[in-house]
Each structure stands twice: as structure tokens, then as C-alpha cells.
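Report on the structure given below.
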Amino acid sequence: MNGTESLLEMMKQFNLPVLSQHGKHIETQNGYVIEVEGPDLYKLIHLGDVIAPFDDLEELCGFIKTYS
């Protein structure tokens, strides 16, 4: 499973909607966009500003769920 597939699976488990997907960018709720940078590295962007890199999908999805 590649980084994008892993991310989509974890988003499904956290009930995070996929509003759009363009290549390595996945838009979800409340202005959050996740950029897949590698198999285990993800950049979280909110309204155009980089929030943080994440290497743990559960932590990433939990962050979005908590702050949405």
C-alpha cells in the first residue's frame, strides 16, 4: 500500500471526508489539505499555511478531527 492509499484508509477510519483529490493533495473538512510527500511523510496545510509534517497517520487524522 502506498502513502496515498494508507492515508485514504486512515481517513475512512476517522470518518474524515475526502472533498477532492488532485495527485498528491487530498482536501478534507474545514480547509485542511494533506500533501503526500512520501510513503510515510505527510504535510498538513490549513487555508494555505503549512501546519506541520506528520509521519504518523493516526496522529495526523486525530489532529484534523480535534481541530475541525
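Given the structure is predicted, the values throughout are model-derived calculations rather than measurements.
With a 4.5 Å cut-off on side-chain heavy atoms, L7 and L60 count as touching. Using a 4.5 Å cut-off on side-chain heavy atoms (C-beta onward), T4 and Q21 make contact. No side-chain heavy atom of D55 sits less than 4.5 Å from a side-chain heavy atom of Y42. No side-chain heavy atom of Y67 sits under 4.5 Å from any side-chain heavy atom of H46. When side chains are defined from C-beta on, L44 counts as touching I64, because their heavy atoms get closer than 4.5 Å. A heavy-atom distance below 4.5 Å is found between the side chains of I51 and F63.
M11 and V33 fall into different hydrophobic clusters, where Ile, Leu, Val, Met, Phe, Trp and Tyr residues are linked whenever their side-chain heavy atoms come under 4.5 Å apart, directly or through other members. No chain of hydrophobic side-chain contacts below 4.5 Å, direct or via other Ile, Leu, Val, Met, Phe, Trp or Tyr residues, connects I45 to Y32.
A distance of 8.0 Å separates CD of E58 from CD of Q13, quoted to the nearest 0.5 Å. In this structure, I26 CD1 and S20 OG are separated by 9.0 Å, a value rounded to the nearest 0.5 Å. Summarising the geometry, atom CG belonging to N15 is positioned 9.5 Å from atom CD belonging to Q29; distances are rounded to the nearest 0.5 Å. Interatomic distance, I34 CD1 to C61 SG, rounded to the nearest 0.5 Å: 5.5 Å. The distance from atom CD of E35 to atom NZ of K24, rounded to the nearest 0.5 Å, is 6.0 Å.
When atom types are taken as modelled, the side chain of E5 and the backbone of N2 share a donor-acceptor pair closer than 3.5 angstrom. Not a single donor-acceptor pair under 3.5 Å links the side chain of T28 to the backbone N or O of V18.
Across all non-hydrogen atoms, the minimal contact from P53 to L41 is CB-CD1, 4.2 Å.
The residues K43 and E37 are annotated as salt-bridged, a charged nitrogen and a carboxylate oxygen being separated by less than 4.0 angstrom.
Applying the 6.0 Å contact sphere to NZ of K65 captures more than 12 heavy atoms from other residues, nucleotides or ligands.
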